[in-house]
Amino acid sequence: MSSSQTKRPLSSAKTGPISGDIRVPGDKSISHRSLMFGGLAIGTTKVTGLLEGEDVLATADAMRKLGATVTRDDDGTWHVTGVGVGALREPDSVIDMGNAGTGIRLMAGIVATHPITTFFTGDASLCKRPMGRVADPLSEFGAQFITRDRGRPPMAVIGTDEAKPVTYTLPMASAQVKSAVMLAGLNTTGTTTVIEPKPSRDHTERMLRHFGVDVDVKVNDDGGRTVSLTGPVEMKAADIVVPTDPSSAAFPMVAALINPDSRVIIRDVCLNPLRTGLITTLIEMGGDITITNEREEAGETIGDLVVTGKNRLKGIVVPAERAPSMIDEYPVLAVAAAYADGETRMCDLEELRVKESDRLAAVAAGLEANGVIHRIEGDDLIVTGGVVPGGGMVETHLDHRIAMSFLVLGLGAEKPVSVDDANPIATSFPNFEKLMGDMGAKFALHS
Ligand code: S3P
């Protein structure tokens with residue numbers, strides 16, 4: 001989103017039971033990848049269920065600037081005609097990735113091993129985020145990077161046409177870094193290998209296979225994974241049905257759990273086991289969540305969630321190992337914890353500090369503003385639940401998930417909860433207010 005846009009403060013208020021049978025928008029991770037991989041493949045890829053949020057639309061524009069043809073039918077079906085791996089053309093203007101960390105980091109991997117120079121920029125939030133985590137391994141292929149302020153965008157990538165294959169051990173659990181390295185490997189002669197100490201979401205591996213790429217995945221003795229592919233590869237167009245986003249389903253899910261007598265069905269949710277940490281956690285907290293109609297589509301498991309507010313939640317310890325499978329869900333988990341009996345400890349949240357905002361700080365400030373007892377110990381966040389006083393104004397720092405999480409907090413609080421800017425919600429969940437409002441959630445523009 002544009003940082004110069006006028007802020008749109010929004011409040012939410014105690015709502016009572018919510019009910020509905022809904023579909024949240026398409027998965028953001030899968031949507032980005034479907035456009036990128038379609039743009040690298042030979043032939044035309046049809047994408048249905050694409051998330052039409054600002055982040056993904058920025059990726060569509062980026063792929064067009066690099067030579068792919070990306071179009072949308074009136075019924076919401078997208079078509080991507082690719083140029084083939086190795087054949088991207090040099091963009092003649094700066095590529096603006098908006099708010100999208102996934103967009104800029106994966107795109108950096110793609111262009112790093114093409115003989116072109118690409119300039120990337122983004123909004124005020126993206127221009128604060130570290131790119132060194134991708135620039136370091138991608139430099140090993142032979143690409144060069146120019147960034148400002150110790151690795152922040154704007155960023156120029158000078159790609160190489162003599163890429164050397166790389167074996168890289170991830171210093172942090174990050175699907176974005178893993179994917180950037182693998183995507184650079186597509187146009188590199190030889191075997192590119194990524195070793196990840198903790199498994200992170202594997203949509204890149206699954207979708208590359210769907211496009212005909214041979215991706216080898218081994219589970220290591222320590223539970224980590226070694227992922228490799230041998231390039232240069234040829235990718236073949238393959239249709240994609242994008243499942244709905246579990247990170248967006250998280251908001252109606254928690255809203256239903258904290259409002260007794262609620263009942264919500266959420267359809268066609270991506271249930272990739274590396275994305276379901278929040279569901280596991282909420283069930284451990286006593287939440288009534290049932291998965292039905294489980295099936296496979298385009299290499300991903302999907303299903304429907306039935307969530308009710310019949311049980312009161314209780315506090316638990318959320319182990320550090322679970323963090324990669326629910327990394328985007330901690331803000332809304334902190335909201336669930338605010339309504340749970342006792343203490344919830346969320347362990348090892350260091351990565352939250354480099355998301356769309358410093359999410360650990362933003363969540364703590366939002367809880368503070370609304371009278372929720374909490375503390376930070378090292379990289380752990382501990383929330384003591386009970387009655388939520390509310391009444392506070394939360395700064396969103398251009399972070400969609402902070403905005404949505406605190407609007408959900410307000411749905412059960414004693415006094416309304418406000419966020420200073422609801423605009424960032426459009427990056428991942430453009431119809432959030434309408435969908436939640438239709439189920440009974442009370443939102444009002446804050447004057
Ligand atoms: C994503 C990976 C995660 C996640 C982001 C989407 C992806 O980031 O937070 O929203 O699509 O690969 P990290 O890889 O930095 O953990």
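In listed order, ligands and their atoms are each counted from 1. Remember, predicted model here, so these are calculated numbers, not experimental data.
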message: Check this for me, if you would: do E377 and R375 make a salt bridge, where the nitrogen-to-carboxylate-oxygen distance has to be below 4.0 angstrom?
response: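 A salt bridge is present here (some side-chain N lies under 4.0 Å from a carboxylate O).
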- prompt: When you measure from atom 6 (C) of ligand 1 to every protein heavy atom, which one gives the shortest distance, and what is it?
  reply: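 For atom 6 (C) of ligand 1, the nearest protein heavy atom comes out as T102 OG1, 3.2 Å.
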- prompt: How close does the nearest protein non-hydrogen atom get to atom 10 (O) of ligand 1, and which residue and atom is it?
  reply: D328 OD2, 2.7 Å
Heavy-atom distances under 4.0 Å are what count here, so tell me which part of [X] touches ligand 1: side chain, backbone, both or neither.
X	value
R33	side chain
K355	side chain
R201	side chain

- request: Sequence neighbours left out, what pairs pass salt bridge (charged side-chain N to carboxylate O under 4.0 Å, His left out) with at least one residue falling in residues 321-338?
  value: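 Sorted result for residues 321-338: R201-D328, E284-R322, D328-R359, D328-R401.
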message: On a heavy-atom basis, I'd like to know which of R133, Q176, R401 is closest to atom 2 (C) of ligand 1.
response: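 Among R133, Q176, R401, the closest heavy atom to atom 2 (C) of ligand 1 comes from Q176.
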message: Can you confirm, on distance only, whether ligand 1 has an N/O atom lying under 3.5 Å from any N/O atom belonging to R105?
response: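 No, there is no polar N/O contact under 3.5 Å.
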message: Any nitrogen or oxygen of A175 lying under 3.5 Å from a nitrogen or oxygen in ligand 1? Just yes or no.
response: yes
task: Decide if atom CG of D73 counts as having more than 12 heavy atoms of other residues, nucleotides or ligands within a radius under 6.0 Å.
output: yes
- prompt: Are R148 and P154 side-chain neighbours, meaning at least one heavy-atom pair lies under 4.5 Å?
  reply: yes
field: Shortest non-hydrogen separation from L282 to A336 and the atoms involved
entry: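 Smallest interatomic distance, heavy atoms only, reads CD2-CB, 3.9 Å.
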message: Restricting to non-hydrogen atoms, name the atom on G26 and the atom on D245 that form the minimum distance, rounded to 0.1 Å.
response: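 Heavy atoms of G26 and D245 come nearest at O-CB, 3.6 Å.
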